[in-house]
Amino acid sequence: MKKFFKRCWQWLNTSNRGKHLGCGALVGFGADDVYCATYTGVIVSSALEFKDHAWGGKADIIDWALTVAGVMIGFGIRVLAIG
């Protein structure tokens, strides 16, 4: 079990995936409704991947998906906490 969590942590630290997930959660927590969370999550994650591509890097679909997933997690926490 310890090995599993270590591998997960290493995977999240690859290409700042943990930051994509965490910052996406912050964006989702600030959204008022599902439409706003989804729209903002897709726009923000696409902008981050465009930035990576524009600066000579490679756009990563996993980073994009983790940002959107983070937004949904953050919005879920908001719904559960605030109601």
Side-chain angles (χ1 to χ4, degrees):
M1 191 65 151
K2 194 174 188 181
K3 213 176 206 185
F4 172 75
F5 285 118
K6 186 175 180 180
R7 276 196 275 152
C8 287
W9 190 254
Q10 287 174 343
W11 184 78
L12 278 174
N13 285 330
T14 304
S15 179
N16 294 323
R17 290 178 178 155
K19 290 180 184 178
H20 281 272
L21 190 65
C23 292
L26 289 174
V27 169
F29 190 76
D32 287 335
D33 60 358
V34 176
Y35 175 75
C36 178
T38 305
Y39 188 72
T40 305
V42 169
I43 296 297
V44 166
S45 59
S46 297
L48 285 171
E49 294 311 309
F50 176 74
K51 179 222 24 127
D52 288 345
H53 180 71
W55 282 90
K58 182 179 164 188
D60 189 4
I61 192 70
I62 295 173
D63 289 347
W64 185 89
L66 282 172
T67 306
V68 173
V71 169
M72 293 301 130
I73 290 169
F75 183 70
I77 290 170
R78 177 188 172 100
V79 167
L80 292 175
I82 297 174

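Since the model is a prediction, treat every value here as computed from it, not as a measurement.
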Output the distance between atom [atom1] ([X]) and atom [atom2] ([Y]), rounded to the nearest 0.5 Å.
X	Y	atom1	atom2	answer
Leu66	Lys19	CG	NZ	14.5 Å
Ile62	Thr14	CD1	OG1	9.5 Å
Phe5	Leu12	CZ	CG	11.5 Å

### Query
Listed by chain and number, what are the salt bridge (Lys or Arg N to Asp or Glu O under 4.0 Å) partners of Arg78, not counting sequence neighbours?
Asp32
### Query
Shared ILVMFWY cluster between Ile61 and Val68, side chains joined below 4.5 angstrom?
yes
#### Entry: Residues which pass side-chain hydrogen bond (donor to acceptor under 3.5 Å, both in side chains) with Thr38, listed by chain and number, not counting sequence neighbours
none
Who clusters with [X]? Use side-chain heavy atoms, under 4.5 angstrom, across I, L, V, M, F, W and Y, and order the result by chain and number.
X	answer
Leu80	none
Met72	Val27, Val71
Val79	Val34, Phe75

### Minimum heavy-atom distance Ile73-Leu21, with the two atoms named
CD1-CD1, 4.3 Å
Donor-acceptor list for residues 41-50 side chains, cut-off 3.5 Å, not counting sequence neighbours:
{"residue": "Ser45", "atom": "OG", "partner": "Gly41", "partner atom": "O", "Å": "2.8"}
{"residue": "Ser45", "atom": "OG", "partner": "Val42", "partner atom": "O", "Å": "3.1"}
{"residue": "Ser45", "atom": "OG", "partner": "Trp64", "partner atom": "NE1", "Å": "3.0"}
{"residue": "Ser46", "atom": "OG", "partner": "Val42", "partner atom": "O", "Å": "2.8"}
{"residue": "Ser46", "atom": "OG", "partner": "Trp64", "partner atom": "NE1", "Å": "3.1"}
{"residue": "Glu49", "atom": "OE1", "partner": "Asp60", "partner atom": "N", "Å": "2.7"}

### Query
Which residues pass the ring-ring contact (aromatic ring centres under 6.0 Å, His included) test with Tyr35, sequence neighbours left out?
Tyr39
